[in-house]
Protein chains: 2
Amino acid sequence: MSSVRPKRSDVHHPEPDGQVVPKLCESCEARHRGVCGALPGDDLLRLSKISVRKTLKSGESVVCDEDDVISFSNVLNGVVKLSKLLPDGRQQIVGLQFAPDFLGRPFRAESHLTAEASGDVHLCSFPRAEFESMMRDNPELEHRILAQTLEQLDEARDWMMTLGRKTAREKIASYLLMIARHSAPQPPSGQGVAIDLPLSRGDMADFLGLTIETVSRQMTALRKAKVIEFDSARAVRIPSLRALERAAGE
Amino acid sequence: MSSVRPKRSDVHHPEPDGQVVPKLCESCEARHRGVCGALPGDDLLRLSKISVRKTLKSGESVVCDEDDVISFSNVLNGVVKLSKLLPDGRQQIVGLQFAPDFLGRPFRAESHLTAEASGDVHLCSFPRAEFESMMRDNPELEHRILAQTLEQLDEARDWMMTLGRKTAREKIASYLLMIARHSAPQPPSGQGVAIDLPLSRGDMADFLGLTIETVSRQMTALRKAKVIEFDSARAVRIPSLRALERAAGE
DNA sequence: CGGCACGTTGAGCGGCGTCAATTTATGTGG
DNA sequence: CCACATAAATTGACGCCGCTCAACGTGCCG
């Protein structure tokens, strides 16, 4: 299920201030906003020597259900779906990971979770054991992992409200709102916010606890209500975030 | 909303090995299984001096939505509901905390969450600032917080599957199963597992994304299907956990 | 062009919500 | 102890939102 193309990286060079920063990490978002920002130069070097870049094509999975997790990753770009499966095939997407999120479940097997690329994804991947050992040595690293985990817990609980108490229409609006908030801020064009939808209708359904047909119908309904406009099936514009928030029940 | 009766505690005495263990902490579950287990004697003493026991009556809240969180707590016994509210009044319970769970959201305001006692609850409560400072000094303490946060994230994601993809019947069964797994293990009596239900039908509805009436009907349906037996409305017996798991769709 | 995945739309049904009545627990004062 | 009040839980009748099944449209690639 997961065919990836690793590329070993041990190139590095000194920074102006004498600190050694691996070349691979130089322009990496995760080094600034992600967990790697916690690492001093020498630890970063140690980690970069054992880390590999991976490219996943759409649909390829990082960790399969029940697999032992042998590696952690940072998401460099793209979107990773975290999903669960019931024995009879019903599926629920329980989270989306964007750059520069950390991917992995420290101290435990991945709790029956599947991580799959939605669209092409670039990862920076490293061995589990080595990273956990660095976490023990480096409290600041563990602190960052904790901070991210707490944020993900907040997001998961927000989504529980959406799944349990919102109507189909409100669920769709909530999803669009979430994507808009994760999108890069745009120059105020007066034409509203344009966003690309990383998930197919089917994945949106699995994320929102709906069927494909209901997702499609409610997208149409929001368009007819002029809350959104379609550039294509996978790209919409939002004339008024306020109106979308109202549609999301917030 | 929250009227509590604090009782200052600074009594303590030396342990046989010379280590000082505050008297208050001596028989405390949280010291062994909870986060306090991470603390050496002197830190435990420091924390115990600023901690207070609180008793909440059913329905009293620990942290109100939008309040600044001024304290963290350990749950000593009882059950605490974590819930969210939509502007129009719809409610969703996003988690249950049992002893010896840690209660609080480090590094941030409580993300619009309400924590409320379901039945009488005993807490051990301490000032936020002091505890966060101890977290900085003591990586092992932060490590335990991380471990618990990761578990809660797993649980939240499990529940997302339940909320998004299961039928009313399966949701009820999943809830009963979760309570059974949190209950103290019982001597094999041959009469099945007896469990007390900490939530009212209304709270079960808010936890499962259902209405009171549907909860009641599906409880009756499970009884008629002989998956559960009623000792009272708040206490059931489970003849076969396997059968209950099947009813939960697992 | 055909083949295929993805998305949209329609018709009809059923699970769960709504509204309402009744029964059962829980407490409170005489 | 009973009488009464109040809340919690159950049960029934009915309607609607979202699911099912099916047909059709659309874009992409060989």
Side-chain angles (χ1 to χ4, degrees), chain A residues 57-60 81 86 88-92 116 118-120 162-176 196-225 228-236 247 249, chain B residues 57-59 81 86 88-92 118-120 162-176 196-225 228-236 247 249:
Chain A
K57 290 197 189 304
S58 187
E60 286 180 338
K81 304 175 290 186
L86 245 32
D88 63 4
R90 281 175 288 178
Q91 192 170 12
Q92 176 69 44
E116 192 179 329
S118 176
D120 291 358
T162 299
L163 289 172
R165 286 307 187 196
K166 290 189 181 176
T167 65
R169 172 92 60 113
E170 291 169 330
K171 287 180 178 179
I172 298 289
S174 300
Y175 170 73
L176 296 174
D196 288 322
L197 304 181
L199 299 188
S200 69
R201 297 292 188 266
D203 284 337
M204 285 172 64
D206 282 342
F207 194 28
L208 295 165
L210 299 170
T211 60
I212 294 181
E213 295 92 326
T214 299
V215 169
S216 185
R217 272 189 264 268
Q218 296 302 333
M219 289 285 288
T220 305
L222 285 173
R223 176 170 55 76
K224 286 184 177 163
I228 57 175
E229 296 163 18
F230 281 33
D231 288 336
S232 78
R234 293 292 276 266
V236 301
Chain B
K57 289 197 190 302
S58 187
K81 304 175 287 186
L86 244 33
D88 63 5
R90 282 175 287 178
Q91 192 171 14
Q92 176 69 45
S118 176
D120 291 359
T162 299
L163 289 171
R165 286 307 187 195
K166 289 188 181 177
T167 65
R169 172 90 61 111
E170 290 169 329
K171 286 179 179 181
I172 298 290
S174 300
Y175 170 72
L176 296 174
D196 287 322
L197 305 181
L199 299 188
S200 69
R201 297 292 188 266
D203 284 337
M204 285 172 64
D206 283 342
F207 194 28
L208 295 166
L210 299 171
T211 60
I212 294 181
E213 296 91 327
T214 299
V215 169
S216 184
R217 272 188 265 268
Q218 296 303 333
M219 289 286 287
T220 306
L222 285 174
R223 176 169 54 76
K224 286 183 175 163
I228 56 175
E229 295 163 20
F230 280 33
D231 287 336
S232 77
R234 289 295 201 97
V236 301

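Per chain, numbering begins at 1; letters A, B, ... match sequence-line order.
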| note | Side-chain contact check for A:Leu210: nearest option of C:dC16, D:dC19, C:dT18 is D:dC19
| task | Indicate yes or no: at least one non-hydrogen side-chain atom of A:Ile172 is less than 4.5 angstrom from one of A:Met204. | result | yes
| said: I want to check something: taking the side chain as every heavy atom from C-beta on, are B:Leu176 and B:Leu222 in contact at a cut-off of under 4.5 Å? | reply: yes
When the distance from [atom1] of [X] to [atom2] of [N] is rounded to whole Å, what number comes out?
X	N	atom1	atom2	value
A:Arg169	D:dC17	CZ	P	11 Å
B:Leu222	D:dT10	CG	P	12 Å
B:Ile172	D:dT10	CD1	P	10 Å
A:Arg165	D:dC17	CZ	P	17 Å
B:Asp206	C:dC16	CG	C1'	16 Å
A:Leu208	D:dG18	CG	C1'	13 Å

| said: So, using side-chain hydrogen bond (donor to acceptor under 3.5 Å, both in side chains) as the criterion, who are the partners of A:Lys81 when residues are at least two apart? | reply: A:Asp203
Polar atom pairs between nucleotides 5-9 of chain C and protein, under 3.5 Å, N or O only, would you list them?
{"unit_1": "C:dG7", "atom_1": "OP1", "unit_2": "A:Arg234", "atom_2": "NH1", "d": "3.3"}
{"unit_1": "C:dG7", "atom_1": "OP2", "unit_2": "A:Arg201", "atom_2": "N", "d": "3.1"}
{"unit_1": "C:dT8", "atom_1": "OP1", "unit_2": "A:Arg201", "atom_2": "NH2", "d": "3.2"}
{"unit_1": "C:dT8", "atom_1": "OP2", "unit_2": "A:Arg201", "atom_2": "NE", "d": "2.7"}
{"unit_1": "C:dT8", "atom_1": "OP2", "unit_2": "A:Ser216", "atom_2": "OG", "d": "2.9"}
{"unit_1": "C:dT8", "atom_1": "O5'", "unit_2": "A:Ser216", "atom_2": "OG", "d": "3.1"}
{"unit_1": "C:dT9", "atom_1": "OP2", "unit_2": "A:Thr220", "atom_2": "OG1", "d": "2.8"}

Please enumerate all protein N or O atoms sitting under 3.5 Å from an N or O of nucleotides 28-30 of chain D, with distances to 0.1 Å.
none

| query | For the helix from C:dC1-D:dG30 to C:dG30-D:dC1, how many degrees between its two end axes (five pairs per end), to the nearest 10°? | reply | 30°
| With sequence neighbours excluded, residues passing salt bridge (Lys or Arg N to Asp or Glu O under 4.0 Å) with B:Arg90 | A:Glu170, B:Asp88
| request: Kindly determine whether B:Leu210 and B:Lys171 satisfy side chain to side chain contact (heavy atoms under 4.5 Å, CB included), including the steps that lead there. | output: CA-CA 9 Å; B:Leu210 299 171; B:Lys171 286 179 179 181; 4.1 Å; yes
| message | If I compare all heavy atoms of B:Leu163 with all of A:Gly164, which pair ends up nearest, and what's the gap? | response | CD2-CA, 4.2 Å
| task | Quick one: closest heavy-atom pair of B:Ser58 and B:Ser118, and the distance? | result | OG-C, 4.2 Å
| field | Under the side chain to side chain contact (heavy atoms under 4.5 Å, CB included) test, residues paired with B:Glu213 that sit two or more places apart | value | B:Thr211, B:Arg217
| Trace of the side chain to side chain contact (heavy atoms under 4.5 Å, CB included) decision for A:Leu197 with A:Met219 | CA-CA 12 Å; A:Leu197 304 181; A:Met219 289 285 288; 3.9 Å; yes
